[in-house]
Protein chains: 2
Amino acid sequence: MAHMPENRPYHHGDLRAALLQSAERTLREKGAGSLSLRELARETGVSHAAPSRHFKDKQALLNALALAGYDRLAEALAAAEDPTLPLQPRLTALARTYLGFAMDNPELLELMYARKHDPDASEQMTDGVDRTVGSLERVIADAQKRGEIIAGDPRHLMHLTGAAVHGVAAFSAGGWLDPDTAGDTIEGLIHHLLHGLMPR
Amino acid sequence: MAHMPENRPYHHGDLRAALLQSAERTLREKGAGSLSLRELARETGVSHAAPSRHFKDKQALLNALALAGYDRLAEALAAAEDPTLPLQPRLTALARTYLGFAMDNPELLELMYARKHDPDASEQMTDGVDRTVGSLERVIADAQKRGEIIAGDPRHLMHLTGAAVHGVAAFSAGGWLDPDTAGDTIEGLIHHLLHGLMPR
DNA sequence: ACCTGAACACCGTTCAAGT
DNA sequence: ACCTGAACACCGTTCAAGT
């Protein structure tokens, strides 16, 4: 009458991780709007009340997804950071990486920047944003030291550059910018930010 | 026993407009997440099934809200357009207007750029974006004619500039950029886009 | 510690029927 | 034409109870 393996209490090991993984699939395939805790529980083969042991409510699960997103984005940016490159290609590589993440994970990006601040989780979010834009700050500070970029508060320049890159990425991920030319647009953005739009 | 004025069939005139108005209040006060058709109907004093005569489903109501948002934004931008101004202040005025709209209507902005495309309503959305960025295109084309901006596809320059401005606005509205310095950031963005970040 | 089952108060959508 | 009332199939959240 033993109809279940005995090596785990009820399910297949780590419900929390299983829920997050299933949630990310649903997010990618059907969007954040049609993500239901009950359906998630169903897919994972667990009762509808089980998730509440791991996430106090739906928002907590969404927050966890967003935080994981920041981890992956920050990692991708760190991997794209190449201090041996000249300034412009170095910045362009970062911007292209951000754009790539946005187009591969449009729903996740939306979630990451959604204004649903559990005032406590909002700390972690701000930290996620900081880590994400942090690679930019290093590049800018470096370039200033070498005199390749004008002086000025590096955080101000970072915010401005980061926001601009995010704007192109958000437009592209949202479908308002032709995906085929999004790469050119982001390249043009970096170029014109560095050289200016005015003649000479 | 006449407990209702006879000059209207059931409710107070224009249910569609009443629903939209009530929805926009809820959007501003409690966010898009807690916007329910049933509660809207309750507030408007009508049965929960009544809204369906005016909006085929919830998404249709959200689309209508977003479209109204584009109308208001495009109108504000058109009002801020001053062809007698020199290039930089002229662009800065547009960017500041966009930023102001974003900070006054953060939830509405999110809705306007949400990727929930009923493939039919998506046409109207794209049109809304076009009208919104359209004022930018005129400024850029003008400036090119006067030789104040380098030659090149004006639509490319418009997309790039528009996306950058949107990025700063989205960061500010989302709370990732200090609201007190958002104005400086957007001014810096326009300045550096025109003059470049590189020395000389 | 971790999960279940039942219960509660909500949803959006549909559809016959009323005025 | 416009709205109602009832019905259906879902939700998220909570909580006693089981293992």
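Within every chain, numbering begins at 1; the chains are lettered A, B, ... in the order of the sequence lines, protein sequences first and strands thereafter.
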Can you name the atoms? Protein N/O to nucleotides 9-11 of chain C N/O, anything below 3.5 Å, with the distance.
from, atom 1, to, atom 2, distance (Å)
C:dC11, OP2, B:Arg42, NH2, 2.7
C:dC11, O5', B:Ser36, OG, 3.4

If I take atom CZ in residue A:Arg53 and atom C1' in nucleotide D:dA17, what distance separates them, rounded to the nearest angstrom? 12 Å
Taking CZ from A:Arg16 and P from C:dA1, how many angstroms apart are they, rounded to a whole number? 18 Å
Rounded to the Å, how far apart are A:Asp57 CG and D:dT13 P? 5 Å
Among D:dA6, D:dT4, D:dT13, which nucleotide has an atom closest to any side-chain atom of B:His48? D:dA6
For B:Gln59 and C:dG12, give me the distance from atom CD to atom P, rounded to whole Å. 12 Å
Residues 55-78 of chain B vs side chain to side chain donor-acceptor pair (under 3.5 Å), sequence neighbours excluded, gives B:Glu24-B:Arg72, B:Gln59-B:Asn63, B:Asn63-B:Asp118, B:Asp71-B:Arg131, B:Arg72-B:Asn105
Does this structure show an ion pair linking A:Arg28 with A:Asp104, if we count only N-O contacts that are shorter than 4.0 Å? no
Write out all pairs satisfying salt bridge (Lys or Arg N to Asp or Glu O under 4.0 Å) with one or both partners inside residues 187-198 of chain B, taking only residues at least two apart or from two chains. B:Arg96-B:Glu187
For the pair made of CG in A:Leu61 and C1' in D:dT13, what is the distance, rounded to whole Å? 14 Å
Distance check needed: C:dT14 P versus B:Phe55 CZ, whole Å only. 16 Å
So do A:Tyr113 and A:Met125 actually touch side chain to side chain, heavy atoms under 4.5 Å? no
Does a donor on one side chain and an acceptor on the other come within less than 3.5 Å for B:Glu43 and B:Ser22? yes
List in chain and number order the residues that pass ring pair (Phe, Tyr, Trp, His ring centres under 6.0 Å) with B:His195, two or more places apart in sequence or in another chain; answer none if no residue qualifies. B:His191
Under 3.5 Å donor-acceptor pairs involving side-chain atoms of residues 144-155 of chain A, not counting sequence neighbours:
from, atom 1, to, atom 2, distance (Å)
A:Gln144, NE2, A:Ile150, O, 3.2
A:Gln144, NE2, A:Gly152, O, 2.9
A:Asp153, OD1, A:Arg155, N, 3.0

If a stem is a run of at least 3 consecutive Watson-Crick or G-U pairs, both distances under 3.5 Å, which stems include DNA chain C? C:4-8 with D:12-16, C:12-16 with D:4-8
In sequence, state the C-alpha distance, the side-chain angles, and the governing distance for B:Phe171 and A:His166, and then conclude on ring pair (Phe, Tyr, Trp, His ring centres under 6.0 Å). CA-CA 9 Å; B:Phe171 267 28; A:His166 172 75; 4.8 Å; yes
